[in-house]
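A short write-up of the structure that comes next.
Residue numbers begin at 1 in each chain, while the letters A, B, ... track the order of the sequences.
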Amino acid sequence: MPQIKVKLEKGEEHSYPAGISLLDICRELEACRDGAVVAAEVNGKERDLNSTLRHDSEVAFLDFSSEKGARIYRHSSSHVLAQAVKRLYPRARLGIGPAIDQGFYYDFEFTEPLSAGDLEKIEAEMERIVAERLPFKRREVSREEALALFRGKGEPYKCELIAELPDDEVISLYEQGDFIDLCAGPHLPDTGRIGAVKLTGLAGAYWRGDERNPMLQRIYGTSFPTPELLAQHLELLAEAAKRDHRKLGRDLDLFSLHEEAPGFPFFHHNGMVIIEELLSFWREEHRRAGYEEIRTPLIMNRRLWEQSGHWDHFRENMYFTRIDEEDYAVKPMNCPGAMLVYRSRMHSYRDLPRRIAELGLVHRHELSGTLHGLLRVRSFTQDDAHLFMTPEQIEPEVAGVIDMVDYFYRVFGFKYRVELSTRPDRAMGGVEMWNRAEAILERVLREKGLSYRINAGDGAFYGPKIDFHLEDCLGRSWQCSTIQLDFQMPEKFDLTYIGADGQKHRPVVIHRVIYGAIERFLALLIEQYAGAFPAWLAPQQAAIIPVTDRQHAYAAEVSSALRSASHRVYVDDRSEKVGYKIREAQLKKIPYMLIVGEREAADGKVAVRHREAGD
RNA sequence: GCCGACGUAGCUCAACGGCAGAGCAGCUGAUUUGUAAUCAGCAGGUUACCAGUUCAAAUCUGGUCGUCGGCUCCA
């Protein structure tokens, strides 16, 4: 029998008879001792453990702890979900079922809509399938065979996918027991490797993410090699929920949301203290970076919005009102106001770039279903700025803004992800102009050495943009900073500057925000610090805690001394025990507790206790 | 907007056709306390809102509003 050489990830080389399965190698090496090995990479390509080796190969085993391994594991779990659903609801049609960050989902079209209570039944069926230890079998077929198979099974969505596969694509099927699915793989050797499954949610999702398509029902789930790991994961989620900004916002009296104004947040004193500190820091840094600050009206007439293009491109998101029988709109963006300010006088090329900032309150009529605490609201303050410049100044200006974003995020300890969003379907201006603008942004990103991902078609209607995304406590990603290049507004508003040649020229505009929206940024900040703000942001910086009533006068002295030095402090002079007051200050996450008893009052000192991490 | 779930005291929850209840928070009083909860008392509600079924609705049904998890959209 011919031998094949197998090189393993650690550099060892072994010889095996041709036709040996990866699973056998894996077993021989005891590599799957906890059942955690899920697949293998053969010569850099992911393969099922069930597949056999016919050539000399380099093999790396993937286990659940790796990102790739977890994805394969969850993907197999989604097939088990689909199998369970087909067993219980034979007439349900299959959509798609990929692995996602912390689990998987599968989309179905049911004859009768599923309700949340049905998930338990499906979960039980999944457990049965896991217990059956059904092997995943791969089979490659022609397009015709695949189409005939899924047409016969009454699966129109699968047929649509098959029809659209490129010609050179290998079409493969995966079969486990009584279930067969179109899938590129790879998969686990058998369903028995899935230790613990949990269905986590039921949601609607448009077929292929397009709202013109029918809405399917999406079942979310997660799975782990062992019940212990699943329990650990659920525990982690429960912990994360404790830092949810909606809960902390209420507990720490930062803000509130009311039925009377859905999507329009109410900020309380404590929240305002944090916002004001964020804004002071922002103003200081912007002055340093050569920005000016303006303020423009909330309401401007219809003609302005027609001129800016918002009337055509953004109308369904805007609020309107009538004044003296004329249509007015509440601003959804700050740009038109800034354009008018720029246009109010002549500009020389010597004065450019002009960096004109505005903390602008904008209102957008977002769909009711999208509202989410402070993270997605209908009125928010953008820390906006419009940079007016000559074409030559674009690259250094974009680079300057990127540096500023990076600096701000480092101050707060945020990790961010960068995206380049390109021309949308409903874009203003020619393709050529867009390509040029996109190329410029891409060049600066590369020069900065930032890794980024292209978000095709997600640009603003007037230009492409670089977006910076932050994550909330549950790992959901939110766009904050954005840098948008705009050749359109200057045209629409006929903006000019006088060049060295004495002639009028067209400036370029960059729209940019650093925090993005103060509301959203505050929400992420609350979750980032779990409510325990650093002293410079904390609504109350110190609690002064007298031990008995006899120290009240001294406590008041300490308090007024600190207050006159602009510190935010308060005296807890209730007739409670010290331990009680400390506990309360800790729960309010106050950075410092200044305890004053007989000893301290005599010495003119305080005993300092620092806030403990967590609670 | 669409799909699914949920709205009971300020908060967390109980009662699941038969008198709306607890803990915490709040208020009053006592206590004068040394590093995470002193004790006692009081008050707090048209059970989101509007209809309907019923002798009787927080509970069952329909609608509206809001919230939560997603989809689409976006800072």
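- The distance between atom CD of A:E260 and atom P of B:C49, rounded to the nearest whole Å, is 13 Å.
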Under 3.5 Å, N/O pairs linking protein and nucleotides 26-28 of chain B:
none

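- Between A:E316 atom CD and B:C2 atom C1' the separation is 16 Å, expressed in whole Å.
- Remark: the A:Q551 side chain and the B:G34 base include no donor-acceptor N/O pair separated by less than 3.5 Å.
- In this structure, A:H552 places its NE2 atom 14 Å from P of B:G34, rounding to the nearest Å.
- Scored by the side chain to side chain donor-acceptor pair (under 3.5 Å) test, A:Q488 finds no partners at all (sequence neighbours excluded).
- Of the P atoms belonging to B:U59 and B:C42, the separation is 31 Å, rounded to the nearest Å.
- Ring geometry for A:Y407 versus A:F281: interplanar angle of 30 to 60°, hence tilted.
- Taking both residues in full, the closest heavy atoms of A:A585 and A:M593 are given as CB-CG, 3.9 Å, listed atom of the first, atom of the second, then distance.
- Counting atom types as modelled, A:S575 pairs a side-chain N or O with a base atom of B:U31 as donor and acceptor under 3.5 Å.
- For A:E292, the side chain to side chain contact (heavy atoms under 4.5 Å, CB included) test picks out A:R354, A:I356, with sequence neighbours left out.
- Within the 4.0 angstrom heavy-atom criterion, only backbone atoms of the sugar-phosphate kind lie near A:R250; the bases stay farther away.
- No donor-acceptor contact under 3.5 angstrom links the side chains of A:W207 and A:E109, judged on distance only.
- Residues A:H79 and A:S77 have side chains that never bring a donor and an acceptor to within less than 3.5 angstrom of each other.
- If you take atom C1' in B:G45 and the same atom in B:G10, they sit 13 Å apart, rounded to whole Å.
- The strand RNA chain B forms stems, runs of 3 or more Watson-Crick or G-U wobble pairs with distances below 3.5 Å, at B:1-7 with B:65-71, B:10-13 with B:21-24, B:26-30 with B:38-42, B:48-52 with B:60-64.
- Residue A:F521 forms a ring-ring contact (aromatic ring centres under 6.0 Å, His included) with just one option from A:F468, A:F414, A:Y416, and that option is A:F414.
- Among the atoms of the strands shown, only primed sugar atoms or phosphate atoms (P, OP1, OP2) are found under 4.0 Å from some heavy atom of A:L114.
- Summarising the geometry, the separation between CG on A:D253 and C1' on B:C11 is reported as 13 Å, rounded to the nearest angstrom.
- Side-chain atoms of A:N270 and A:D253 form no donor-acceptor pair, as typed in the model, at a separation below 3.5 Å.
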- [ ] Encode nucleotides 66-75 of chain B as B, S and - characters from 5' to 3', where the letter depends on protein heavy atoms closer than 4.0 Å: B to the base, S only to sugar-phosphate, - to neither.
- [x] SSSBBBBBBB
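- Each of B:G4, B:G34, B:U38 was ranked by its minimum atom distance to the side chain of A:Q217; first place goes to B:G4.
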Open item on the list: Please evaluate residues A:E397 and A:R512 with respect to the criterion salt bridge (Lys or Arg N to Asp or Glu O under 4.0 Å), reporting the C-alpha separation (whole Å), side-chain torsions for both, the decisive distance (0.1 Å), and the verdict.
Closed with: CA-CA 11 Å; A:E397 285 304 306; A:R512 49 108 280 185; over 6 Å; no
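- The gap from the P atom of B:G44 to that of B:G21 amounts to 12 Å, rounded to the nearest Å.
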Tabulate below the donor-acceptor pairs under 3.5 Å that side-chain atoms of residues 538-547 of chain A make, not counting sequence neighbours, or state none.
from: A:Q541; atom 1: OE1; to: A:R568; atom 2: N; distance (Å): 2.7
from: A:Q541; atom 1: NE2; to: A:A535; atom 2: O; distance (Å): 2.9

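- Here the separation of B:C6 from B:U64, taken at their C1' atoms, is 16 Å to the nearest Å.
- Protein atom NZ of A:K589 is 13 Å distant from nucleotide atom C1' of B:A36, rounded to whole Å.
- Between A:R583 atom CZ and B:C24 atom P the separation is 11 Å, expressed in whole Å.
- Separating the P atom of B:U38 from that of B:C65 is a span of 47 Å, rounded to the nearest Å.
- Residue A:A607 is in base contact, counting any heavy-atom pair closer than 4.0 Å across all strands shown.
- Residue A:H511 forms a ring-ring contact (aromatic ring centres under 6.0 Å, His included) with just one option from A:Y462, A:F388, A:F461, and that option is A:Y462.
- One can place CZ of A:F110 at 12 Å from P of B:G4, the figure rounded to the nearest angstrom.
- Using modelled atom types and a 3.5 Å distance limit, the side chains of A:Q484 and A:T482 yield a donor-acceptor pair.
- Taking the P atoms as reference points, B:C11 lies 15 Å from B:G26, given to the whole Å.
- Taking atom P on both B:A25 and B:A37, the two are 12 Å apart, rounded to the nearest angstrom.
- Between A:I595 and A:D549, the residue anchored nearer the 5' end of RNA chain B, judged by the nucleotide with its closest heavy atom, is A:D549.
- The separation between A:E612 atom CD and B:A37 atom C1' is 15 Å, rounded to whole Å.
- A:W434 places none of its side-chain heavy atoms less than 4.5 Å from the side chain of A:T422.
- A distance of about 11 Å separates the P atoms of B:U46 and B:C50, rounded to the whole Å.
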